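Scroll down for the structure; my scribbles are underneath it.
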Amino acid sequence: MTRLLDARTSQNASIANSISIPITILSQPGLFGQIGLNVSGATGPIRTQLSGTVACQLPLLPTATTITITIVRGTALTDTVIYSSSESLNINLLGPQLFTFTASDFNIPAPASGLLVYTAFIGSNLLGTVRVGPESFNGIAYSD
């Protein structure tokens, strides 16, 4: 029988246009969410389901801009990538543009600490792109 181990949310901004955080580093994506799931009670294979949303706005001079979201199991971009996607912002839409994602991680080795950490990063290929909110990163861990 599948059993819920833990559920967590990293809520950086709950409301549209409630933040204004430039995505300034072109070569290194910035962190926008991090969760730690307690899996110490796992009795079988661990499975997680991750989801989230982030809103971005084009630079003042709209041009072709690509947003990349990367989710890792761990805390650094060099850790195991669980999910990655890239999407171009619509240059005809001057307001916020919302990106949502759902990812899964299966047959995860149980961490010695009992804490399974996931980190969400966001990057842009163009300076001036702004995170405007909402931003949310969610995770649920299951085991047999």
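Everything numeric here is computed off the predicted structure, so don't read it as measured data.
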Non-neighbouring partners of Phe121 that pass ring-ring contact (aromatic ring centres under 6.0 Å, His included), sequence neighbours left out
none
Given the options Ile19, Ile122, Thr53, Glu135 meets side chain to side chain contact (heavy atoms under 4.5 Å, CB included) only with Ile19
Indicate if Val54 and Val132 have the same hydrophobic cluster label, given that clusters are the connected sets of ILVMFWY residues with side-chain heavy-atom separations under 4.5 angstrom.
no
Is it the case that more than 12 heavy atoms not belonging to Ile15 sit under 6.0 Å from its CD1 atom?
no
Is there a chain of hydrophobic side chains (I, L, V, M, F, W, Y, each step under 4.5 Å between heavy atoms) that links Ile140 to Phe106?
no
Sequence neighbours excluded, which residues qualify as side chain to side chain donor-acceptor pair (under 3.5 Å) partners of Asp6?
Arg8
Smallest separation among heavy atoms of Asp144 and Pro45, with atom names
OD2-CD, 3.5 Å
Would you say Ser113's side chain and Leu115's backbone share a donor-acceptor pair under 3.5 angstrom?
yes
Donor-acceptor pair, Gln97 side chain versus Asn90 backbone, under 3.5 Å?
yes
Thr66 side chain to Ser88 backbone, donor-acceptor under 3.5 Å:
no
Testing the basics here: between Ser86 and Thr68, what is the closest heavy-atom pair and its distance to 0.1 Å?
OG-OG1, 2.8 Å
Which heavy-atom pair separates Ser10 from Gly33 by the least distance, and what is that distance?
OG-CA, 3.5 Å
Using modelled atom types only, decide if a donor and an acceptor are shared between the side chain of Ser143 and the backbone of Ile46 within a distance under 3.5 Å.
no
Distance check, rounded to the nearest 0.5 Å: Thr80 atom OG1 versus Asp105 atom CG?
8.5 Å
I'd like to know if the side chain of Thr119 and the backbone of Gly74 have a donor-acceptor N/O pair within less than 3.5 Å.
yes
Classify the ring geometry between Phe32 and Phe101 as parallel (under 30°), tilted (30 to 60°) or perpendicular (over 60°).
perpendicular
